[in-house]
Amino acid sequence: MAGKISAASARAHTRKSKQSTSFKLLSGVFTKTLLVLFVGALAWAYQAIQPPPPKTCGSPDGPPITASRIKLRDGRHLAYKEHGVPLEAAKYKIVKVHGFDSCRLDAVPLSPELVERLGIYVVSFDRPGYGESDPNPKRTVKSMALDIEELADQLRLGSKFYVIGISMGGQVIWSCLKYIPHRLAGATLVAPAVNYWWSGFPTNLSNQAYQQMLPQDRWVLRVSHYAPWLTYWWNTQKWFPSSSVIAHSIDIFSSEDRKLLMKITSTRNHAAQVRQQGEYESLHRDLIVGFGAWEFSPLELDNPFPNNEGSVHVWHGDEDRLVPVTLQRYIAEQLPWIRYHELPGAGHLFMVADGMWDNIVKILLVGEK
């Protein structure tokens with residue numbers, strides 16, 4: 001009997017050993033499969049968040065070069081376009097900085113009468129990655145101001161010049177006021193974009209303004225600020241809505257803006273040139289730099305013209321649905337040297353209304369209305 005029990009025990013032990021070995025084999029295969037899937041998922045995710053290389057103008061697979069360009073010290077090119085009276089005959093020289101999803105061809109449409117009477121020269125340029133200006137993967141808040149200074153020097157605008165910036169281009173004017181104030185004769189910010197994370201804003205004020213945006217646009221700015229490496233993927237994925245601004249949604253515009261949109265679309269025949277080098281180094285880089293962590297806050301700036309030798313103007317519509325007017329008002333309150341012009345009933349596109357640009361420029365240059 002004892003021998004039979006021993007044999008049965010041996011067979012049971014053998015079965016358990018085989019089961020244990022099989023379980024270990026299955027467990028090992030399962031673990032390896034999970035590991036392979038995890039590595040594959042990481043590789044897919046890495047590829048998904050990598051933006052494609054830009055199609056730089058003049059490269060074999062890029063658009064042709066058609067614009068006048070200068071070569072900067074770091075080897076990049078800036079494309080520009082001149083308007084108004086000849087430079088050598090100009091009394092007033094203005095550098096115009098375009099906004100988001102725009103380019104040098106979106107000029108300041110001044111009346112010929114005003115241009116001739118005051119002797120106005122305007123140079124507009126493509127910000128890096130837009131139009132025909134080379135991308136700048138190292139673009140910073142400061143680098144934009146230095147690009148403008150170098151543009152002015154190479155075109156021989158003189159020791160001082162005026163700057164005008166629109167929307168996201170308005171942020172660049174803050175950079176000029178910070179980094180090259182000694183080169184400025186005056187400055188105007190037209191419906192300038194605001195970074196909700198600038199220091200100096202009361203938390204409740206910036207939060208209230210932030211909540212006024214469409215939900216998908218709040219997420220776009222969150223990603224640009226907290227996870228800039230995800231910006232390309234976030235704005236190109238199809239799982240949920242991304243930027244309404246990039247998509248040209250009319251939901252972001254006020255009723256007055258929608259009326260003015262017809263005027264813009266009927267005269268704008270260069271839209272394809274704006275993003276021709278790719279969206280990452282133009283639109284997405286704008287978001288990363290404009291809404292990232294700044295080296296300074298505009299609310300901390302000193303008056304660049306303490307002896308009233310120049311002036312700084314901010315223009316804003318109180319019905320602007322892209323940039324809440326409450327933040328603009330607060331900036332103007334904190335910087336009493338700012339000459340703040342708030343337009344009742346106006347939205348974000350008020351500057352294209354008939355005669356508006358003449359008014360904005362006259363006030364900057366000679367104080368006329």
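- The shortest side-chain heavy-atom distance between Leu343 and Asp318 does not fall under the 4.5 Å cut-off.
- The backbone N or O of Ser199 sits less than 3.5 Å from a side-chain atom of Ser297, completing a donor-acceptor pair.
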Just do the side chain to side chain contact (heavy atoms under 4.5 Å, CB included) check on Met168 and Phe291 with the steps written out, would you? CA-CA 10 Å; Met168 288 292 284; Phe291 297 101; 3.9 Å; yes
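- No side-chain donor-acceptor contact under 3.5 Å links Arg222 to the backbone of Asp217.
- Inter-residue side-chain proximity for Ile246 and Asp101 is flagged as unmet; no heavy-atom pair is nearer than 4.5 Å.
- Looking only at distances, a side-chain donor or acceptor of His316 sits under 3.5 Å from a matching main-chain atom of Val323.
- One distance of note links CG of Leu157 with OH of Tyr162; it measures 13.0 Å at 0.5 Å rounding.
- Shown here for Pro324 and Gln212, the closest heavy-atom pair between the two residues is CB-OE1, 3.8 Å.
- Inter-residue side-chain proximity for Pro137 and Arg285 is flagged as met; some heavy-atom pair is nearer than 4.5 Å.
- At a cut-off of 3.5 Å, with distance as the only test, a side-chain donor of Glu342 or Tyr340 sits close to an acceptor on the other residue.
- Each of Leu261 and Leu105 belongs to its own hydrophobic cluster when Ile, Leu, Val, Met, Phe, Trp and Tyr are linked at side-chain heavy-atom distances under 4.5 angstrom.
- Glu309 is listed as a side-chain neighbour of Pro306, based on a closest heavy-atom distance under 4.5 Å.
- Residue His341 holds its NE2 atom at 12.0 Å from CD of Gln328, rounded to the nearest 0.5 Å.
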Please report the C-alpha distance between Ile148 and Phe161 in whole Å, then the side-chain angles of each, then the deciding distance to 0.1 Å, and finally whether the side chain to side chain contact (heavy atoms under 4.5 Å, CB included) criterion is met. CA-CA 10 Å; Ile148 289 174; Phe161 49 88; 4.0 Å; yes
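- Asp106 and His98 form no side-chain donor-acceptor contact under 3.5 Å, judged by distance and modelled atom types alone.
- To the nearest 0.5 Å, the span separating CG on Asn235 from OG on Ser243 amounts to 6.0 Å.
- In this structure the side chain of Leu114 never reaches within 4.5 angstrom of the side chain of Trp357, judged on heavy atoms.
- With a 4.5 Å cut-off on side-chain heavy atoms, Ser254 and Asp320 do not count as touching.
- Formation of a donor-acceptor pair under 3.5 Å by the Ser249 side chain with backbone atoms of Val245 is not found in this model.
- Hydrophobic clustering (side-chain heavy atoms under 4.5 Å, transitive across Ile, Leu, Val, Met, Phe, Trp, Tyr) groups Leu72 together with Val163.
- When atom types are taken as modelled, the side chain of Glu281 and the backbone of Pro128 share no donor-acceptor pair closer than 3.5 angstrom.
- In this structure, Val123 and Lys96 have side chains that are not in contact, with every pair of non-hydrogen atoms separated by 4.5 Å or more.
- Residues Leu110 and Leu365 share a single hydrophobic cluster, defined by chaining ILVMFWY side chains whose heavy atoms lie under 4.5 Å apart.
- Residues Pro86 and Tyr121 come closest through the heavy atom pair C-CD1, 4.4 Å.
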Pair Asp286-Arg139, salt bridge (charged side-chain N to carboxylate O under 4.0 Å, His left out): steps then yes or no: CA-CA 9 Å; Asp286 252 5; Arg139 191 188 344 162; 2.7 Å; yes
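- Residue Lys71 places its NZ atom among 12 or fewer non-hydrogen atoms of other residues, nucleotides or ligands, all under 6.0 Å distant.
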Derivation and outcome, side chain to side chain contact (heavy atoms under 4.5 Å, CB included), residues Trp315 and Arg339: CA-CA 9 Å; Trp315 294 77; Arg339 302 186 187 184; over 6 Å; no
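- Using modelled atom types and a 3.5 Å distance limit, the side chains of Ser311 and His313 yield a donor-acceptor pair.
- Here the CG atom belonging to Asn136 is positioned 13.5 Å from the NE2 atom belonging to His77, to the nearest 0.5 angstrom.
- Nearest heavy atom pair, residue Ser167 against residue Gly99, reads CB-CA, 4.5 Å.
- A distance-only check finds no donor-acceptor pair linking the side chain of His284 to the backbone of Thr231 [under 3.5 Å].
- A donor-acceptor pair under 3.5 Å is absent between the side-chain atoms of Thr56 and the main chain of Ser59, judged by distance alone.
- With rounding to the nearest 0.5 Å, the separation of CE in Met351 from CG in Leu260 is 9.0 Å.
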Test side chain to side chain contact (heavy atoms under 4.5 Å, CB included) applied to Leu301 and Trp337, step by step: CA-CA 10 Å; Leu301 288 176; Trp337 43 269; 4.0 Å; yes
Begin from the C-alpha positions of Arg76 and Asp147 and carry the test salt bridge (charged side-chain N to carboxylate O under 4.0 Å, His left out) through to its verdict. CA-CA 10 Å; Arg76 289 182 295 114; Asp147 281 358; 2.9 Å; yes
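- The cluster map of Ile, Leu, Val, Met, Phe, Trp and Tyr, joined by side-chain heavy atoms under 4.5 Å apart, puts Ile65 and Leu155 in different clusters.
- The two residues Ala67 and Ala79 have their closest heavy-atom pair at CB-CB, 3.9 Å.
- Of all heavy-atom pairs between Ser224 and Leu287, the closest is OG-CB, 3.4 Å.
- Thr326 and Gln208 share no donor-acceptor pair across their side chains, judged by distance under 3.5 Å alone.
- For the 3.5 Å distance criterion, the side chains of Ser124 and His83 qualify, holding a donor opposite an acceptor.
- Counted by atom type alone, His348 and Asp257 present zero donor-acceptor pairs between their side chains at under 3.5 Å.
- Taking a cutoff of 4.0 Å between a charged side-chain nitrogen and a carboxylate oxygen, Asp126 and Arg104 qualify as a salt bridge.
- In terms of heavy-atom proximity, Phe201 sits nearest to Ser206 at CB-CB, 4.1 Å.
- Distance CZ/Phe253 to NE2/His248: 8.0 Å, rounded to 0.5 Å.
- The existence of a salt bridge linking Asp134 and Arg69 is confirmed by a sub-4.0 Å separation between a basic side-chain nitrogen and an acidic carboxylate oxygen.
- Val274 and Tyr80 fall within a single hydrophobic cluster, where Ile, Leu, Val, Met, Phe, Trp and Tyr are joined by side-chain heavy atoms under 4.5 Å apart, directly or via other members.
- Side chains of Phe240 and Trp234 form a contact here, defined as non-hydrogen atoms less than 4.5 Å apart.
- Residues forming a side chain to side chain contact (heavy atoms under 4.5 Å, CB included) with Glu113 (at least two apart in sequence, or on another chain): Ser111, Arg117.
- Of the possible polar contacts, one joining the Gln276 side chain to the Gly131 backbone as a donor-acceptor pair under 3.5 Å is found.
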For residues 177-196, tabulate all N or O donor-acceptor pairs below 3.5 Å that involve a side-chain atom, not counting sequence neighbours.
residue, atom, partner, partner atom, Å
Tyr179, OH, Glu295, OE1, 2.4
Arg183, NE, Ser159, O, 2.8
Arg183, NH1, Glu149, OE2, 3.2
Arg183, NH1, Asp153, OD1, 3.1
Arg183, NH2, Asp153, OD1, 2.9
Arg183, NH2, Gly158, O, 3.0
Asn195, OD1, Trp197, N, 2.8
Asn195, ND2, Gly290, O, 2.9
Asn195, ND2, Gly292, O, 2.9

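- Under a 3.5 Å cut-off, the side chain of Glu150 and the backbone N or O of Arg73 do form a donor-acceptor pair.
- Without hydrogens or angle criteria, Ser133 side chain to Gly129 main chain gives no donor-acceptor distance under 3.5 Å.
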